[in-house]
Engineer: 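Let me give you the structure first, and then I'll get to my questions.
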Protein chains: 2
Amino acid sequence: MEDKKEQVEIDKKDLDEETLFVVSQTFKALGDPTRIRILNLLFHKEFSVNRIAETLHLRQSTVSHQLRFLKNLRLVKYRREGTTLYYSHDDEHVMNMLKQTIEHACHN
Amino acid sequence: MEDKKEQVEIDKKDLDEETLFVVSQTFKALGDPTRIRILNLLFHKEFSVNRIAETLHLRQSTVSHQLRFLKNLRLVKYRREGTTLYYSHDDEHVMNMLKQTIEHACHN
DNA sequence: ATAAAATATGAACATATACTAATATATACA
DNA sequence: TGTATATATTAGTATATGTTCATATTTTAT
């Protein structure tokens, strides 16, 4: 914390704190099975919270918590229709990484 | 667990357990600042455990633990020279994702 | 205003994770 | 064999994380 500047300027081999935080948060988002399943579901179309829960056999509150996590990182967005919120993905880069890695993992 | 087959065959919207595990493990590996720093260091050349620890200001045992983690996932490999082990990266796909995401995070 | 439907939130809990100190192991060499 | 060097491992601890239950909030319709 005190030597952040030092590391950035002197030690080019290391990453600065902010980059480190953003990058690790991004990957952390993809590091949980539930979030992967949710994002994978949102790959082709939008889903309401309840539909996600039903489809993946998860509790509504679990889905809601994870969607909040993903939304904080701007990996998903939503639109409202009455009382229903339709979530969809909102980061092409991350979705591409996820897709690639899933394919990479499948035919191995 | 009991309905794994069902999900795989009936509900194409969900991923199978094994894929889910591999994918989440992979991203989990990249979801920790220390491991990111280590992999980032190994981007261009190999490093011994102690050199990694010195360069990143980490304890030897911390580095060793994380290297074991990364090696279990085959993200790094090593060669021995006397008592020294030189570690290097071992997964181009993952290193590319890391690089892209770091760049993506930097100039934002 | 009240009720219903959909979603969000807070607290509690269990588990996972990362770091550390201490110690063990492995290799090289005198 | 004994010592030094480099790395790995173990156990303990603190923190982070994910899920759940219960409840709150928001929106719509009556």
Side-chain angles (χ1 to χ4, degrees), chain A residues 1 14-15 17 20-42 46-88, chain B residues 1 14-15 17 20-42 46-88:
Chain A
M1 231 167 270
D14 204 356
L15 299 166
E17 236 183 69
L20 214 44
F21 181 75
V22 173
V23 173
S24 63
Q25 282 299 111
T26 302
F27 285 119
K28 216 170 277 188
L30 300 172
D32 174 70
T34 301
R35 288 191 290 268
I36 292 174
R37 292 172 75 206
I38 292 175
L39 287 175
N40 180 64
L41 190 64
L42 297 182
E46 64 183 9
F47 276 82
S48 74
V49 178
N50 275 340
R51 290 290 288 123
I52 296 173
E54 286 168 29
T55 308
L56 303 182
H57 307 96
L58 297 166
R59 314 272 173 172
Q60 178 267 322
S61 86
T62 299
V63 174
S64 191
H65 278 301
Q66 299 297 6
L67 285 173
R68 180 171 63 170
F69 186 110
L70 295 171
K71 195 166 153 304
N72 285 339
L73 292 174
R74 298 174 191 284
L75 302 190
V76 301
K77 65 185 184 228
Y78 66 80
R79 72 179 178 86
R80 160 163 263 140
E81 200 168 292
T83 59
T84 303
L85 303 185
Y86 292 96
Y87 278 83
S88 55
Chain B
M1 234 168 268
D14 204 356
L15 300 165
E17 238 183 66
L20 214 44
F21 181 76
V22 173
V23 173
S24 65
Q25 282 299 112
T26 302
F27 284 120
K28 215 170 277 186
L30 299 173
D32 174 71
T34 302
R35 287 191 290 270
I36 292 176
R37 293 171 74 205
I38 292 175
L39 287 175
N40 180 64
L41 191 62
L42 297 182
E46 63 183 11
F47 276 81
S48 74
V49 178
N50 276 339
R51 290 290 286 124
I52 296 172
E54 287 168 28
T55 307
L56 302 182
H57 307 96
L58 297 167
R59 313 273 171 167
Q60 178 266 321
S61 88
T62 298
V63 174
S64 192
H65 277 301
Q66 300 297 7
L67 286 172
R68 180 170 63 169
F69 186 110
L70 294 171
K71 196 167 153 301
N72 284 339
L73 292 174
R74 300 177 189 285
L75 301 191
V76 301
K77 64 186 184 225
Y78 66 80
R79 71 179 178 85
R80 161 162 262 141
E81 201 168 292
T83 58
T84 303
L85 302 185
Y86 291 96
Y87 278 84
S88 55

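Hydrogens, waters and symmetry mates play no part in the numbers below; they use all other heavy atoms, side chains included. Every chain is numbered from 1, with letters handed out A, B, ... down the list of sequences.
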Engineer: Quick one: does S88(A)'s side chain get under 4.5 Å of L42(A)'s, heavy atoms only?
Structural biologist: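 No. Closest side-chain heavy atoms not under 4.5 Å.
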Engineer: Rounding to a whole Å, what distance do you find between I52(A):CD1 and dA6(C):P?
Structural biologist: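 About 14 Å, once rounded to whole Å.
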Engineer: Please list, pair by pair, any protein nitrogen or oxygen found under 3.5 Å from a nitrogen or oxygen in nucleotides 14-20 of chain C.
Structural biologist:
from	atom 1	to	atom 2	distance (Å)
dT17(C)	OP1	K28(B)	NZ	3.3
dA18(C)	OP1	R35(B)	NH1	3.3
dA18(C)	OP1	R35(B)	NH2	2.6
dA18(C)	OP2	R35(B)	NH1	3.0
dC19(C)	OP1	T34(B)	OG1	2.5
dC19(C)	OP2	Q66(B)	NE2	2.5
dT20(C)	OP2	T62(B)	OG1	2.9
dT20(C)	O4	H65(B)	NE2	3.1

Engineer: Reckon R80(A) has a side-chain N or O less than 4.0 Å from the OP1 or OP2 of dT27(D)?
Structural biologist: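 Yes, because at least one side-chain N or O of R80(A) sits under 4.0 Å from OP1 or OP2 of dT27(D).
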Engineer: With side chains defined as the heavy atoms from C-beta onward, is the minimum distance between L73(B) and T26(B) less than 4.5 Å?
Structural biologist: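 L73(B) does not reach T26(B) side chain to side chain.
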Engineer: May I ask you to test the E46(A)-R79(A) pair for a side-chain heavy-atom distance under 4.5 Å?
Structural biologist: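 Yes; the side chains approach each other to less than 4.5 Å.
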Engineer: Starting at CZ of R51(B) and ending at P of dT5(D), how long is that distance when rounded to a whole Å?
Structural biologist: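 Those two atoms, CZ and P, are 17 Å apart.
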Engineer: Send over the distance from E81(B) CD to dA6(D) P, rounded to a whole Å.
Structural biologist: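 Rounded to the whole Å, the gap is 13 Å.
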Engineer: So, is N50(A) close to the dT7(C) phosphate, meaning a side-chain N or O under 4.0 Å from OP1 or OP2?
Structural biologist: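 Yes, N50(A) has a side-chain N/O under 4.0 Å of OP1/OP2 on dT7(C).
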Engineer: Per the atom types in the model, does the base of dA6(D) pair as donor or acceptor with the side chain of Q60(B) at under 3.5 Å?
Structural biologist: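 Under the 3.5 Å cut-off, the side chain and the base do not form any donor-acceptor pair.
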Engineer: Rounded to the nearest 0.5 Å, how far does CZ of F27(B) lie from CZ of R35(A)?
Structural biologist: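 Taking CZ in R35(A) and CZ in F27(B), the distance rounds to 12.0 Å.
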Engineer: Is it true that Y87(A) and Y78(A) have ring centroids separated by less than 6.0 Å?
Structural biologist: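 Centroid separation for Y87(A) and Y78(A): below 6.0 Å.
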Engineer: Answer yes or no: does a side-chain N or O of Y87(A) lie under 4.0 Å from OP1 or OP2 of dA8(C)?
Structural biologist: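 Yes.
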Engineer: Does a side-chain N or O of T83(B) approach OP1 or OP2 of dT27(C) to a distance below 4.0 Å, or not?
Structural biologist: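 Checking dT27(C) against T83(B), no side-chain N or O comes under 4.0 Å of OP1 or OP2.
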Engineer: Please lay out, stage by stage, how T55(B) and D14(A) fare under the test side chain to side chain contact (heavy atoms under 4.5 Å, CB included).
Structural biologist: CA-CA 8 Å; T55(B) 307; D14(A) 204 356; over 6 Å; no
Engineer: So which nucleotide from dA6(C), dT7(D), dA8(D) ends up closest to the side chain of T84(A)?
Structural biologist: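 Of dA6(C), dT7(D), dA8(D), dA6(C) is nearest to the side chain of T84(A).
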Engineer: Taking atom C1' of dT7(D) as reference, at what distance in whole Å does atom CG of L67(B) sit?
Structural biologist: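 Answer to the nearest Å: 10 Å.
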